[in-house]
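Report on the structure given below.
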Amino acid sequence: MLSHSKLKRNFYQRPTLKVAQDLLGKFLVHKYRGPSTSLDYARDKSLGAGKIYRGMIIETEAYTGFDDLACHGSRGMTERNKIMFQKGGYAYVYLIYGIYHCLNLVTEKEGKPSAVLIRGLDFPNADGPGKLCREFKITKKNCNGLDLTGDKLWVEDRGLGGFKIQKGPRVGIDYAKHCATWPWRFWIK
DNA sequence: GGTGCGATTGCA
DNA sequence: GCAATCGCACCA
């Protein structure tokens with residue numbers, strides 16, 4: 001196997017709980033071609049030709065199906081969550097609190113709302129779902145609906161494994177009643 | 001057409 | 001503890 005292989009669609013078209021754990025230790029990559037701030041240019045003169053952001057995924061959460069009250073798609077398809085109903089291998093990005101964006105990787109089969117929320121990367125200022133999107137220039141406008149088998153946003157397997165996976169309840173979903181305690185959050189040290 | 005709030009973050 | 005800030009879900 002290639003040491004830097006881009007994950008294919010069949011990786012995502014599996015049970016969401018499995019995908020959420022298998023994404024740990026893989027690398028999120030964003031090839032960004034959009035406008036950069038003057039501060040970005042001061043830090044990195046190569047930005048004019050586009051920039052590649054790459055960081056190891058260290059924390060995820062699973063959201064799947066109509067019985068998961070914390071899943072955005074559990075109450076049916078809407079304009080916001082329609083990407084979640086596609087087949088696995090697409091990016092679902094939404095705006096939260098009017099300020100931050102959250103990146104999800106759609107899983108399973110078409111018609112079943114399922115995705116993995118990327119909550120943290122081993123990368124400076126990318127410890128948190130909102131922070132990693134800000135740091136990696138991921139927004140709803142430029143990433144929602146992107147095909148993860150394409151050349152803008154994808155996940156790489158760099159051959160790292162053997163991590164001890166920790167698990168616990170998902171964050172910030174107290175409103176989801178009995179689902180709030182399900183141990184669907186996963187992370188590695 | 002009006003209303004209320006969120007899969008977050010940073011600061012007091 | 002709590003404000004920021006807005007798309008959108010939901011109700012009328």
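Just so we're on the same page: letters track the sequence lines, and every chain starts at 1. Atoms considered below: every heavy atom in the structure, side chains included; atoms not considered: hydrogens, waters and symmetry mates.
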When you compare the ring of A:Tyr94 with the six-membered ring of B:dA7's base, are the centres less than 5.5 Å apart and the planes under 30° from each other? no
When we call it a touch if two heavy atoms are under 4.0 Å apart, what does A:Gly98 touch: a base, just sugar-phosphate, or nothing? base
Check this for me: does any side-chain nitrogen of one of A:Lys26 and A:Asp22 sit under 4.0 Å from a carboxylate oxygen of the other? no
Strictly by Watson-Crick or wobble contacts shorter than 3.5 Å, is anything paired with C:dC6, and which nucleotide is it? B:dG6
Stacking between A:Tyr97 and B:dT8, defined as ring centres under 5.5 angstrom apart with planes under 30°, is that present or not? yes
Report the distance from atom CG of A:Leu95 to atom P of C:dA4, rounded to the nearest whole Å. 17 Å
Please determine if a side-chain N or O atom of A:Arg80 lies less than 4.0 Å away from the OP1 or OP2 oxygen of C:dA9. yes
Report yes if the distance between the aromatic ring centroids of A:Tyr63 and A:His72 is under 6.0 Å, otherwise no. no
Answer with yes or no after comparing the ring centroid distance for A:Tyr90 and A:Tyr12 against a 6.0 Å cut-off, counting only values under it. no
Hey, does the side chain of A:Arg134 come within less than 4.0 Å of B:dT9's phosphate (OP1/OP2), counting only N and O? no
Quick one: is B:dA7 close enough that its OP1 or OP2 comes under 4.0 Å of any side-chain N or O from A:Arg185? no
To the nearest Å, how far apart are A:His72 NE2 and C:dG7 P? 16 Å
Relative to the 5' end of DNA chain B, which residue comes earlier, A:Ile96 or A:Asp127, by the nucleotide with the nearest heavy atom? A:Ile96
Pi-cation contact, A:Tyr175 with A:Lys177 (under 6.0 Å, within 45°): no
Within 45° of the axis and under 6.0 Å from the centre of the six-membered ring of A:Phe11, does NZ or CZ of A:Arg14 qualify? yes
Atom CD of A:Glu135 to atom C1' of B:dT9: distance rounded to whole Å? 14 Å
Between B:dG6 atom C1' and A:His101 atom NE2, what is the distance in whole Å? 14 Å
How close or far is atom P of B:dG6 from atom CZ of A:Arg170, stated in whole angstroms? 15 Å
Checking contacts here: which listed nucleotide (B:dA7, B:dT9, C:dC10) is nearest the side-chain heavy atoms of A:Tyr100? B:dT9
Quantified in whole Å, what is the P atom distance between nucleotide C:dT5 and nucleotide B:dG2? 23 Å
Could you tell me whether the phosphate oxygens of C:dC8, OP1 or OP2, come under 4.0 Å of any side-chain nitrogen or oxygen in A:Lys140? yes
Counting any heavy atom closer than 4.0 Å, what does A:Met77 reach on the DNA or RNA strands: base, sugar-phosphate only, or nothing? nothing
Would you indicate which nucleotide in C:dG7, B:dA7, C:dA4 comes nearest to any side-chain atom of A:Tyr92? B:dA7
Look at the side chain of A:Glu79 and decide which nucleotide, out of C:dA9, B:dT9, B:dA7, has an atom nearest to it. C:dA9
Which whole-number value in Å describes the distance from A:Met84 CE to C:dC8 P? 15 Å
Starting the side chain at C-beta, find the nucleotide from B:dT9, B:dA7, C:dA9 nearest to A:Lys131. B:dT9
Side chain of A:Leu117: nearest nucleotide among C:dA9, B:dA7, C:dT5? B:dA7
What distance, rounded to whole Å, do you find between the two P atoms, one in B:dA7 and one in C:dC10? 12 Å
Contact between A:Tyr92 and A:Arg80 at the side-chain level, heavy atoms closer than 4.5 Å - yes or no? yes
Starting at CD1 of A:Ile173 and ending at C1' of B:dC5, how long is that distance when rounded to a whole Å? 16 Å
Measure NZ/A:Lys82 against P/C:dG7 and give the value in whole Å, please. 16 Å
